[in-house]
Every structure is written in structure tokens, then in C-alpha cells.
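Okay, structure first, notes after.
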Amino acid sequence: MRRFALILALWPGFAAATEFWPLTGDEIQSTLAGQTLSYAEGVTQNFEASGVTHYFSGRPSAGRWAVREDRYCSTWPPSELWACYDVLQSGLIIRFIDDNGEITDGYLSE
């Protein structure tokens, strides 16, 4: 039995497996409001409680965000279309999943 446990502990990626759980609308709101997420390549996004969001990826961009039916939604002018995402969390990692199954991970600032 110990040998089996040792094999699992040394198996690549097994110990580093991350478990995500889905967030409800209230949890999305309380997790994101007033926070900043960091993405790959130095990109950041902050979420104001007022519903304004700022995305910084070389140049700033301002949009709006809201929670609709347990999903994070955002719109970025000049477009008035809203895109919505399922939101999952694992510790400081926030995972957004779009309607096509594309995943974007952001990291909450500590």
C-alpha cells in the first residue's frame, strides 16, 4: 500500500492536480468586486463594484461587467453585446469558460 501511495505522489501532475468548483452568482460578485486578476504575459483586469472593469494589455480598455444567472458577463464598447462565462475557482485561480469551452485562468492578487 505504501508503494502505491509513493507512486501516486511521484506521478507527474498528480499531486499538482487542481480541483475547481463552480461559483454561484453571489459568489462571482463577492469574489470579483473590488479585485484585480492577473493573466498570462502581464495582463491584468480589475473589477469595480460599480460594474466597471478595466483590462490592461499594453493599453487600457474599459468595459462593463455584471453577473447574470450565475455567470460572469462583460461588454466592451463600442460593442453593446454581452459575452457570458461560467466561473470556477480553485484557491486564488479564477477560471472563465466561454460558450465554446475555451478556458481563461486569472489569478487573484493576494
Side-chain angles (χ1 to χ4, degrees):
M1 187 62 137
R2 288 184 197 170
R3 189 173 294 165
F4 180 73
L6 181 60
I7 291 169
L8 286 179
L10 297 175
W11 192 282
F14 184 83
T18 305
E19 183 178 338
F20 285 88
W21 62 90
L23 298 183
T24 65
D26 289 341
E27 291 170 329
I28 295 168
Q29 183 71 36
S30 65
T31 299
L32 294 181
Q35 296 297 319
T36 298
L37 290 182
S38 298
Y39 302 100
E41 300 179 18
V43 175
T44 61
Q45 182 176 5
N46 65 35
F47 303 85
E48 295 180 14
S50 66
V52 173
T53 182
H54 295 94
Y55 189 84
F56 302 93
S57 63
R59 62 185 175 111
S61 176
R64 306 262 324 140
W65 76 282
V67 175
R68 298 180 176 174
E69 299 179 13
D70 292 334
R71 299 184 86 199
Y72 163 82
C73 302
S74 61
T75 183
W76 300 90
S79 174
E80 293 186 23
L81 298 175
W82 287 80
C84 295
Y85 305 82
D86 293 322
V87 180
L88 293 82
Q89 183 172 5
S90 178
L92 296 176
I93 304 170
I94 304 298
R95 175 167 285 176
F96 299 92
I97 305 175
D98 70 15
D99 290 335
N100 296 318
E102 294 292 320
I103 294 173
T104 302
D105 288 341
Y107 299 84
L108 287 166
S109 300
E110 292 186 72

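Just so it is clear, the values below take in all heavy atoms, side chains as well, and ignore hydrogens, waters and symmetry mates. Numbers here simply count residues along the sequence, with the first being 1. Note that the structure is predicted; figures quoted are calculated from it, not measured.
Applying the side-chain hydrogen bond (donor to acceptor under 3.5 Å, both in side chains) criterion to W82, with sequence neighbours excluded, gives no partner residue. Among residues two or more places apart in sequence or in another chain, the side-chain hydrogen bond (donor to acceptor under 3.5 Å, both in side chains) test is passed with T24 by E27.
From H54, atom NE2 reaches atom CH2 of W65 across 13.5 Å, with rounding to the nearest 0.5 Å.
Cluster membership check: W21 does not share its hydrophobic cluster with I103, using side-chain heavy-atom separations under 4.5 Å among Ile, Leu, Val, Met, Phe, Trp and Tyr. Y72 and Y107 are not part of a single hydrophobic cluster, where members link through side-chain heavy atoms under 4.5 Å apart.
In terms of heavy-atom proximity, A83 sits nearest to Y85 at O-CE1, 3.6 Å. Taking each heavy atom of F47 and L32 in turn, the nearest pair found is CB-O, 3.2 Å. Among all heavy-atom pairs drawn from T75 and L81, the shortest one is OG1-O, 2.9 Å. Residues N46 and T53 approach most closely at O-OG1, 2.7 Å, considering heavy atoms.
The stretch residues 48-67 participates, sequence neighbours left out, in no salt bridge (charged side-chain N to carboxylate O under 4.0 Å, His left out) pair at all.
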Let me have the donor-acceptor pairs involving side chains of residues 37-44, under 3.5 Å, with sequence neighbours excluded, atom names and distances please.
unit_1: Y39; atom_1: OH; unit_2: Q45; atom_2: OE1; d: 2.8

Would you be so kind as to tabulate the donor-acceptor pairs closer than 3.5 Å made by side chains of residues 86-98, with sequence neighbours excluded?
unit_1: D86; atom_1: OD1; unit_2: R71; atom_2: NE; d: 3.2
unit_1: Q89; atom_1: NE2; unit_2: G91; atom_2: O; d: 2.7
unit_1: S90; atom_1: OG; unit_2: E19; atom_2: O; d: 3.0
unit_1: R95; atom_1: NE; unit_2: D105; atom_2: OD1; d: 2.7
unit_1: R95; atom_1: NH2; unit_2: D105; atom_2: OD2; d: 2.9
unit_1: D98; atom_1: OD1; unit_2: N100; atom_2: N; d: 2.8
unit_1: D98; atom_1: OD1; unit_2: G101; atom_2: N; d: 3.0
unit_1: D98; atom_1: OD1; unit_2: E102; atom_2: N; d: 2.8

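The hydrophobic side chain of V52 is isolated, with no ILVMFWY side chain under 4.5 Å apart from it.
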